[in-house]
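Following: one structure in C-alpha cells, then a few remarks.
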Amino acid sequence: MSSASPSPEEIARDATWLAQALDPANATARLVRMDREAYRAASFLDDRMHQQPLDARVVEWQRVRGAVAIETRTDARWIFHIGHVGSTLVARLLGELPQVLAVREPRFLRDIATLSNDDRADFTFAARALFSRTFAQDELALVKATSFVSEIADELVTAGERALFLYAAPRAYVASILAGENSVRELAILAPLRAERLSGRARFPKPRNTAEAAATAWACEMIGLEAAAERMEGRHVLWADFDRMLENMTNELNGIAQYFGFDAPADRLHAIATGPLTRRYSKALEYDYTPELRRELIAETDAANRKDIDGALAMLERAAEKSPLLARALGRAKES
C-alpha cells in the first residue's frame with residue numbers, strides 16, 4: 001500500500017479514486033485506484049475486493065472532504081433493495097450501457113449507514129458527490145448499495161434525482177432464502193442487526209423455523225424501504241418486483257433505463273437483456289444461474305416447505321395489523 005495521497009483535485013476529477021471505506025474514528029478514508037474495466041468487473045466494492053492486488057491509499061478525511069468542496073456533480077442514480085432480489089444483475093446489465101458507470105456496494109456506504117444521525121451528516125453529504133463521479137461528462141453513475149443502506153436512502157439521493165427500489169414478494173423471497181445454504185447462514189448472522197432495525201416498527205415472535213426467520217428478514221428490509229420512501233419528498237422512486245422483471249427483462253430494463261435517463265437504444269437493451277449476463281450468477285460469473293433456474297428453485301423449495309412458508313406468511317399478516325409500514329409493504333407485494 002502506497003503512502004502517497006492523491007490531492008483533492010485528483011480525487012474530484014473523475015472516478016479513478018474510489019472512496020471504498022471509511023474509518024470515522026480515525027478520520028480517514030481508504031481510496032482505491034480504479035478504471036472503467038475494474039468497476040465493470042467488480043461484483044462488490046467492499047472488502048472482498050482486497051482478495052486481488054490493489055493500489056489503495058489511506059488518507060485523511062479532510063483531504064477527501066476537500067475534494068467535494070470543488071465543483072462536483074451529485075447526479076448519481078441509485079439502486080436500493082431488500083437483498084437476494086437481483087440487484088447485482090440489474091446493476092450489471094445497466095452497467096453494460098456505454099454511458100453508465102455501475103458502482104456496486106462500496107463499503108463506504110455501509111460504514112456511514114451504521115453511524116448516528118448526527119455523526120453521518122458530513123459523510124452522506126460527501127457521498128452524494130463522491131459516488132456521482134464518472135470518467136466522462138456524458139456518463140452517469142449508477143450506485144447499488146448494500147441492502148441495509150436503504151435506511152439512509154433519503155440522505156444519499158440528491159433532490160430531484162432518482163432511485164430504484166427492488167424487492168420480491170414474500171413467498172418468493174422466503175423460498176429463495178431457504179434454497180441456499182449461504183443465504184440461510186447470512187440470515188442468522190444478520191438477525192441481531194435486523195432485530196434492532198425492526199424495533200419500534202413491527203413486533204415478531206421468536207422464529208420457530210428458518211421460514212419465519214426469512215419472513216422476518218423480508219419484513220425488516222421492506223419496512224426499511226417503505227420508511228425511506230416516506231422521506232423521499234422531492235426525489236423520484238420507482239419500485240420493481242424482480243421476479244416480475246424476469247418475465248420480460250427487455251421491456252423492464254428499457255423502462256428502468258428511460259426512468260434513469262440513460263441513452264439506451266432498443267436493440268442494445270435487447271442484446272443486453274438476452275445476453276450472457278442473464279445466464280450467469282451475477283455475484284460470481286463463473287457459475288450458471290438463469291431466470292429459469294431461479295423459478296425452479298423457488299417452486300421446488302416452496303413445495304418442500306409449504307407448511308412452514310404458509311405459517312411464516314400468516315405471521316407477517318398478523319404483525320401487519322399493528323404495523324402500518326409492514327401493511328403497506330404487504331399491499332405493495334400483492335399488487336405487483
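Below, all heavy atoms of this structure are taken into account, side chains as well, without hydrogens, waters or symmetry copies. We count residues from 1, following the sequence as given.
For Arg203, the CZ atom is loosely surrounded, since the number of other residues' heavy atoms within 6.0 Å does not exceed 12. Summarising the local packing, CZ of Arg208 is surrounded by 12 or fewer heavy atoms from other residues, nucleotides or ligands at distances under 6.0 Å. Within 6.0 Å of CD in Glu292 there are more than 12 heavy atoms belonging to other residues, nucleotides or ligands. Summarising the local packing, CZ of Arg295 is surrounded by more than 12 heavy atoms from other residues, nucleotides or ligands at distances under 6.0 Å.
Under the rule for a salt bridge (Lys or Arg N to Asp or Glu O under 4.0 Å), Glu300 has no partner lying at least two apart in sequence or in another chain. For Trp17, the ring pair (Phe, Tyr, Trp, His ring centres under 6.0 Å) criterion is met by no residue, not counting sequence neighbours. The ring pair (Phe, Tyr, Trp, His ring centres under 6.0 Å) test applied to Phe204 returns no partner, not counting sequence neighbours. Every salt bridge (Lys or Arg N to Asp or Glu O under 4.0 Å) that Arg110 has, sequence neighbours left out, goes to Asp46. With sequence neighbours excluded, no residue forms a ring pair (Phe, Tyr, Trp, His ring centres under 6.0 Å) with Phe242. Listed by chain and residue number, Lys144 satisfy the side-chain hydrogen bond (donor to acceptor under 3.5 Å, both in side chains) test with Thr88 (two or more places apart in sequence, or in another chain). In this structure Phe148 satisfies the ring pair (Phe, Tyr, Trp, His ring centres under 6.0 Å) test with no other residue, sequence neighbours excluded. For Arg280, the salt bridge (Lys or Arg N to Asp or Glu O under 4.0 Å) partners two or more places apart in sequence, or in a different chain, are Asp288. Every salt bridge (Lys or Arg N to Asp or Glu O under 4.0 Å) that Asp75 has, sequence neighbours left out, goes to Arg73.
With a 4.5 Å cut-off on side-chain heavy atoms, Thr216 and Met315 count as touching. Between Asp310 and Arg171, the closest side-chain pair of non-hydrogen atoms falls below 4.5 Å. At a threshold of 4.5 Å between non-hydrogen side-chain atoms, the residues Leu166 and Ile82 do not count as touching. In this structure, the side chains of Phe125 and Arg65 come closer than 4.5 Å at one or more pairs of heavy atoms. In this structure the side chain of Glu9 never reaches within 4.5 angstrom of the side chain of Arg13, judged on heavy atoms. The side-chain heavy atoms of Thr290 and Thr278, taken from C-beta on, include no pair separated by under 4.5 Å. The closest side-chain heavy-atom distance from Glu247 to Pro291 is not below 4.5 Å.
Contact between Leu330 and Pro170 at its shortest, heavy atoms only, is CD2-CG, 4.2 Å. Residues Asp55 and Arg57 come closest through the heavy atom pair OD1-NE, 2.8 Å. Between Gly83 and Ser147 the shortest heavy-atom distance is N-CB, 4.0 Å. Of all heavy-atom pairs spanning Ile11 and Arg133, the tightest one is O-NH1, 2.7 Å. Across all their heavy atoms, Glu212 and Pro207 have their closest contact at OE1-CA, 3.6 Å. Nearest heavy-atom pair across Val85 and Ala168 is CG1-CB, 3.5 Å.
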Practice task
Check the pair Glu226 / Arg231 against salt bridge (Lys or Arg N to Asp or Glu O under 4.0 Å), numbers first and verdict last.
Solution key: CA-CA 9 Å; Glu226 294 287 357; Arg231 303 188 301 268; over 6 Å; no
Practice task
Tell me, with the steps shown, if His50 and Gln20 meet side chain to side chain contact (heavy atoms under 4.5 Å, CB included).
Solution key: CA-CA 11 Å; His50 294 284; Gln20 191 264 333; 3.2 Å; yes
Practice task
Start with the C-alpha distance between Val68 and Thr74, add both sets of side-chain angles, then the distance that settles side chain to side chain contact (heavy atoms under 4.5 Å, CB included), and finish with yes or no.
Solution key: CA-CA 10 Å; Val68 301; Thr74 58; over 6 Å; no
Practice task
Test Val59 against Thr28 for side chain to side chain contact (heavy atoms under 4.5 Å, CB included), laying out the working first.
Solution key: CA-CA 5 Å; Val59 304; Thr28 60; over 6 Å; no
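Residues in residues 287-330 take part in these ring pair (Phe, Tyr, Trp, His ring centres under 6.0 Å) pairs, two or more places apart or across chains: Tyr281-Tyr289. A side-chain hydrogen bond (donor to acceptor under 3.5 Å, both in side chains) check over residues 315-325, counting only residues at least two apart or in different chains, returns the pairs Glu317-Lys334.
Side-chain N/O atoms of Asp308 and Asn305 include no donor and acceptor closer than 3.5 Å. In the model, Trp61 has no side-chain atom that pairs as donor or acceptor with a side-chain atom of Asp23 under 3.5 Å. Residues Thr16 and Asp14 bring a donor and an acceptor atom of their side chains to less than 3.5 Å of each other.
One finds no salt bridge joining Arg63 and Glu60 here, because no Lys/Arg side-chain nitrogen approaches an Asp/Glu carboxylate oxygen to under 4.0 Å. Taking the charged nitrogens against the carboxylate oxygens, Arg235 and Asp154 have no contact shorter than 4.0 Å, which rules out a salt bridge. Using a cut-off of 4.0 Å between Lys/Arg side-chain N and Asp/Glu carboxylate O, Asp241 and Arg332 are scored as not salt-bridged. Note on Glu221 versus Arg194: salt bridge recorded, some NZ/NE/NH1/NH2 to OD/OE distance being below 4.0 Å. In this structure, Asp47 pairs ionically with Arg30, as a charged nitrogen and a carboxylate oxygen lie closer than 4.0 Å.
Between the side chain of Glu10 and the main chain of Ser7, a donor-acceptor pair closer than 3.5 Å is present. Side-chain N or O atoms of Arg104 include one that pairs as donor or acceptor with a backbone N or O of Ala42 at under 3.5 Å. Not one N or O on the side chain of Ser199 forms a donor-acceptor pair closer than 3.5 Å with the backbone of Glu196.
None of Leu164, Ile272, Leu253 except one satisfies the side-chain contact (heavy atoms from CB on, under 4.5 Å) rule with Leu94; the exception is Leu253.
Its side chain outside the 4.5 Å cluster rule for every partner, Leu190 clusters with none of the Ile, Leu, Val, Met, Phe, Trp and Tyr residues.
Of the inter-residue distances, the one linking Leu89 atom CG with Leu93 atom CG reads 4.0 Å to the nearest 0.5 angstrom. Expressed to the nearest 0.5 Å, how far SG of Cys220 lies from CG of Leu193 amounts to 7.0 Å. How far CG of Leu18 is from CE of Met34: 5.5 Å, rounded to the nearest 0.5 Å. Note that OG1 of Thr146 and CG of Asp111 are 9.5 Å apart. Values are rounded to the nearest 0.5 Å. Atom OG1 of Thr124 and atom CD1 of Ile112 lie 6.0 Å apart (nearest 0.5 Å). Distance check: Arg77 CZ to His236 NE2 gives 9.5 Å after rounding to the nearest 0.5 Å.
Judged by the 6.0 Å distance and 45° axis criteria, Arg36 is not positioned over the aromatic ring of Tyr39.
Taking the six-membered ring wherever Trp is involved, the centroid distance between the rings of Tyr167 and Tyr173 does not fall below 6.0 Å.
No single ILVMFWY cluster, assembled from side-chain heavy atoms under 4.5 Å apart, contains both Trp78 and Phe44.
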